[in-house]
**Q** 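If you scroll down you'll find the structure; I have some questions about it.
In what follows, residues are counted from 1 in the order of the sequence shown. These figures come from a predicted structure and were not determined experimentally.
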Amino acid sequence: LWDRLDKAFMLMGTAQKGDWIYGFDGMYVELGGEQASSWRGPLGNSNSAQLNVDMTQEIYSLSAGRKVWGGNDRRLDLVGVARYTMLETNMNLALTTGSSLLPDLSRAVSGEFDWWDAAIGVRYIAPLSEKWDLVGYADVGAGGSDLTYQLLAGANWQFSKTFSGKFGYRYFYQDYSKDTFEWDMAMSGVFAGLGIRW
């Protein structure tokens, strides 16, 4: 997807009060690509076609959970998640025939889909040292999707009282279908971010 990626943003926030945690997780991804081809037609004319495809995906999750095990230095949380997904796709095809006997063609197709999923997950945090923590997270659910799940493994580096570095790997999967539309997608990769605590 890297060659087709126009822009992407992720924002995650958590609030904690006693044994309870609350969270927000947002992902915004824009993909775009084009393909062009040319060939000689039966009348000796030169034909060309160009296809442009753009896709926007937005995923927003709200979560609430409670510590079910651990003490002050490490904890295991059970989390409930409500996740909203919106997809918007646009496809444009332009065909040039190079002949007055054959008309040029252009077609445009677009679609927008959105749905909600519910998921249940676990989060585990364990210290490695005074400034380093290990973080693991997993959830699985369904609803509008036939199946959705994600896995995250990472580390937090608390290099100051306010700021921390966040590094890890994330895998996210969705299987959604409606009428003739099929969305069977996995998105994964490493991440690096900045954490702000106040």
**Q** Looking at side-chain heavy atoms only, is the closest gap between Arg75 and Arg123 below 4.5 Å?
**A** yes
**Q** Side chains of Val140 and Leu147, heavy atoms from C-beta outward: is any pair under 4.5 Å?
**A** yes
**Q** Hey, does Leu62 have a side-chain heavy atom less than 4.5 Å from the side chain of Phe24?
**A** yes
**Q** Let me confirm one number: the CG-CH2 distance from Asn156 to Trp132, rounded to the nearest 0.5 Å.
**A** 9.0 Å
**Q** Search all heavy atoms of Ala64 against all heavy atoms of Tyr22 and return the closest pair with its distance.
**A** CB-CD2, 3.9 Å
**Q** Could you please spell out the steps behind the side-chain contact (heavy atoms from CB on, under 4.5 Å) verdict for Val68 and Asp19?
**A** CA-CA 8 Å; Val68 294; Asp19 289 343; over 6 Å; no
**Q** side-chain contact (heavy atoms from CB on, under 4.5 Å), that's the test. Do Tyr28 and Ile59 meet it? Break it down for me.
**A** CA-CA 7 Å; Tyr28 179 91; Ile59 304 172; over 6 Å; no
**Q** If you define the side chain from C-beta out and look only at heavy atoms, does anything of Met27 sit under 4.5 Å from Phe172?
**A** yes
**Q** Just checking, is any N or O donor in the side chain of Arg74 or Tyr124 under 3.5 Å from an acceptor N or O on the other one?
**A** yes
**Q** Check the pair Ile21 / Asp77 against side-chain contact (heavy atoms from CB on, under 4.5 Å), numbers first and verdict last.
**A** CA-CA 8 Å; Ile21 58 166; Asp77 301 314; 3.7 Å; yes
**Q** Measure across Asp54 and Gly32 and return the closest heavy-atom pair with its distance rounded to 0.1 Å.
**A** OD1-CA, 3.6 Å
**Q** Ring centroids only, cut at 6.0 angstrom: are Phe113 and Trp183 within range, meaning strictly under it?
**A** no
**Q** Do Arg83 and Gln150 have side chains that get closer than 4.5 Å, going by heavy atoms?
**A** yes
**Q** How about Val122 and Asp139: do any of their side-chain heavy atoms sit closer than 4.5 Å?
**A** no
**Q** Quick one: does Phe181's side chain get under 4.5 Å of Leu87's, heavy atoms only?
**A** yes
**Q** To the nearest 0.5 angstrom, please state how far the NZ atom of Lys166 sits from the CD atom of Gln158.
**A** 7.5 Å
**Q** Hey, could you give me the CE/CE distance between Met91 and Met55, rounded to the nearest 0.5 Å?
**A** 14.5 Å
**Q** Side chain to side chain contact (heavy atoms under 4.5 Å, CB included) with Phe159: which residues, sequence neighbours excluded?
**A** Trp157, Phe163, Leu194
**Q** Would a hydrophobic clustering, with Ile, Leu, Val, Met, Phe, Trp and Tyr connected at side-chain separations under 4.5 Å, put Leu128 with Phe167?
**A** yes
**Q** Could you tell me whether the side chain of Asp117 and the main chain of Ser145 form a donor-acceptor pair under 3.5 Å?
**A** yes
**Q** Which heavy atom of Pro127 sits nearest a heavy atom of Asp133, and at what distance?
**A** CA-OD1, 3.2 Å
**Q** Taking atom OG1 of Thr148 and atom CE of Met185, what is their separation to the nearest 0.5 Å?
**A** 8.0 Å
**Q** Can you tell me which residue pairs pass the ring-ring contact (aromatic ring centres under 6.0 Å, His included) test with a partner in residues 56-85, sequence neighbours excluded?
**A** Tyr84-Trp116
**Q** In the single-linkage hydrophobic clustering (I, L, V, M, F, W, Y; side-chain heavy atoms under 4.5 Å), do Val53 and Val109 co-cluster?
**A** yes
**Q** With side-chain contact (heavy atoms from CB on, under 4.5 Å) as the criterion, how do Ser38 and Asn47 come out once you've worked through the C-alpha distance, each side chain's angles and the decisive distance to 0.1 Å?
**A** CA-CA 5 Å; Ser38 61; Asn47 301 287; over 6 Å; no
**Q** With the 4.5 Å side-chain cut-off for hydrophobic clustering, are Leu78 and Val135 part of the same group?
**A** no
**Q** Please round to the nearest 0.5 Å and tell me the distance separating atom CD of Gln50 and atom CG of Leu95.
**A** 11.5 Å
**Q** Once you round to the nearest 0.5 Å, how far does OG1 of Thr56 lie from CE of Met86?
**A** 6.5 Å
**Q** Leu152, Met187: one ILVMFWY side-chain cluster at the under-4.5 Å cut-off?
**A** yes
**Q** Any side-chain donor-acceptor pair under 3.5 Å between Gln174 and Thr85?
**A** yes
**Q** Can you see whether Tyr173 engages Asp184 through a side-chain donor-acceptor pair at a distance of less than 3.5 angstrom?
**A** yes
**Q** Side chain to side chain contact (heavy atoms under 4.5 Å, CB included) with Ser188: which residues, sequence neighbours excluded?
**A** Tyr169, Tyr171
**Q** What's the verdict on salt bridge (Lys or Arg N to Asp or Glu O under 4.0 Å) for Asp25 and Arg170, showing C-alpha distance, side-chain angles and the deciding distance?
**A** CA-CA 13 Å; Asp25 183 12; Arg170 186 175 190 175; 2.3 Å; yes
